[in-house]
Amino acid sequence: MMRKAGEERDRMGKIKIREVDESEITRTIIKKALEEWLNLTETDVIIAGAGPSGLTAATYLAKAGLRTLVLERRLSPGGGIGGGGMLFHKVVIQSPADEIAREMGCRLEEVGDGLYTADTVEVITKLASSAIEAGAKIILGVTVEDLIYRSPPPKIVGVVIQWTAVVESGLHVDPIGVKAKAVIDCTGHQAEVITVASEKIPELNLFVQGEKSMWASKAEELTVEKTGEVCEGLYVAGMAAASLHQTPRMGPIFGGMLLSGRKVAELVIEKLLRRQG
Ligand code: 48H
């Protein structure tokens, strides 16, 4: 029988599993998580939402050497990818976003000139692993519920976060603040971060109206066009950009989300790295 290196068996051929102590497991979790959190209290870029736009942005930002933290409310990355179109397990991506999907390792099937499809789980896992391999940190179960700001002129300098479990329990627990040079709202249809900014920082003059009805081609083009800086330190990408600028929805096609994620990353890289020389 093949034996893996380091794998020990007793005389009966039973695998010997290392003994573990409950408090050692607990100490390891707390020590390692807190060590990382201590380095994350002030970072370069915070992305709210690990959907297609957020994960794509994270990959390019981290590849450029920026310290990138993705905070995702749910316990899994992927956002709207998993639901496909009405729960069918395929997503559709059009050119030129196929280049991005391939760069992330997704295997695409060409179904028409410049039109491609892939399995939902493959797209989620490849986008997430690309971001992680590039050096981004993705933390699940954390909700971005407010912003940290300075004024005048208004400037976003971080986010206020809470465990999603606490938010959902309705307990009164004060959240904590995490600072960043740039915050990107990739929270999808609800544009949650921009909505909070519009309500709590009136001097920004923001108003989230929500997206318009479906017009796929126009929506894809406008989502990418409207991706960008909302005010100093705050950016919007993906479906949140459509909600903020009241442009049409596109339905279950994801090319625009990948292109929007790449565009916002390029804008942040330009601002934080290139302009500072
Ligand atoms: C932390 C949060 C918070 C918060 C939400 O919805 P998403 O997939 O967003 P996009 O913009 O990357 O992609 C949109 C796409 O999935 C889609 O819905 C399309 C193409 N629709 C077209 C149509 O016509 O309907 O991902 C957003 C992620 C999710 O995982 C949320 O759980 C998460 O953000 N999130 N995370 N703090 N406050 N709010």
Side-chain angles (χ1 to χ4, degrees), residues 46-59 69-87 90-94 97 100-101 104 120 123-124 127-128 131 138-147 158-168 175-176 178 180 183-197 199-200 208 210-224 226-227 234-265:
I46 289 177
I47 299 172
S53 64
L55 292 173
T56 305
T59 297
L69 172 62
V70 184
L71 298 171
E72 166 55 47
R73 156 182 290 158
R74 293 193 230 161
L75 293 183
S76 55
I81 303 171
M86 224 179 82
L87 291 181
K90 293 283 176 186
V91 294
V92 176
I93 293 169
Q94 74 281 43
I100 300 175
M104 312 276 177
T120 51
V123 176
I124 294 170
L127 293 189
I138 304 173
I139 299 187
L140 303 174
V142 173
T143 295
V144 174
E145 64 165 45
D146 204 344
L147 290 158
V159 296
V160 174
I161 59 169
Q162 181 57 277
W163 303 118
T164 302
V166 169
V167 176
E168 291 189 355
I176 56 174
V178 183
V183 172
I184 311 176
D185 185 340
C186 289
T187 62
H189 291 263
Q190 302 306 317
E192 287 198 20
V193 176
I194 306 281
T195 300
V196 167
E199 288 164 1
K200 296 195 171 192
V208 183
E211 83 253 358
K212 281 183 165 171
S213 292
M214 195 182 289
W215 182 356
S217 262
K218 198 80 192 153
E220 290 287 86
E221 185 191 315
L222 286 174
T223 300
V224 180
K226 299 292 184 188
T227 294
L234 181 62
Y235 295 77
V236 67
M239 207 56 213
S243 290
L244 173 63
H245 295 283
Q246 210 181 23
T247 58
R249 70 188 301 177
M250 62 294 292
I253 182 154
F254 287 82
M257 297 302 127
L258 305 190
L259 291 164
S260 171
R262 185 175 68 181
K263 180 179 172 187
V264 81

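FYI, side chains are in, hydrogens and waters are out, and symmetry mates aren't considered; it's all heavy atoms of this structure. Numbering of ligands and ligand atoms starts at 1, following listing order.
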Mind checking what makes side-chain contact (heavy atoms from CB on, under 4.5 Å) contact with I176, not counting sequence neighbours?
I161
Ignoring hydrogens and angles, tell me if any N or O in the side chain of T59 forms a donor-acceptor pair with the backbone of A131 under 3.5 Å.
yes
Would you check ligand 1 and list the protein residues that come within less than 4.0 Å of it by any heavy atom, ordered by chain and number?
G49, A50, G51, P52, S53, L71, E72, R73, R74, G79, G80, V142, T143, V144, C186, T187, G188, H189, E192, G238, M239, R249, M250, G251, I253, F254, M257
Residues forming a side-chain contact (heavy atoms from CB on, under 4.5 Å) with E192, sequence neighbours excluded:
R73, T187, Q190
Only counting residues at least two apart or in another chain, list the ones meeting salt bridge (charged side-chain N to carboxylate O under 4.0 Å, His left out) with K200.
D146
Out of the candidates I138, T143, V144, only one should pair with L71 under the side chain to side chain contact (heavy atoms under 4.5 Å, CB included) rule; please name it.
V144
CG of L234 to CD1 of I194, rounded to nearest 0.5 Å, is 4.0 Å
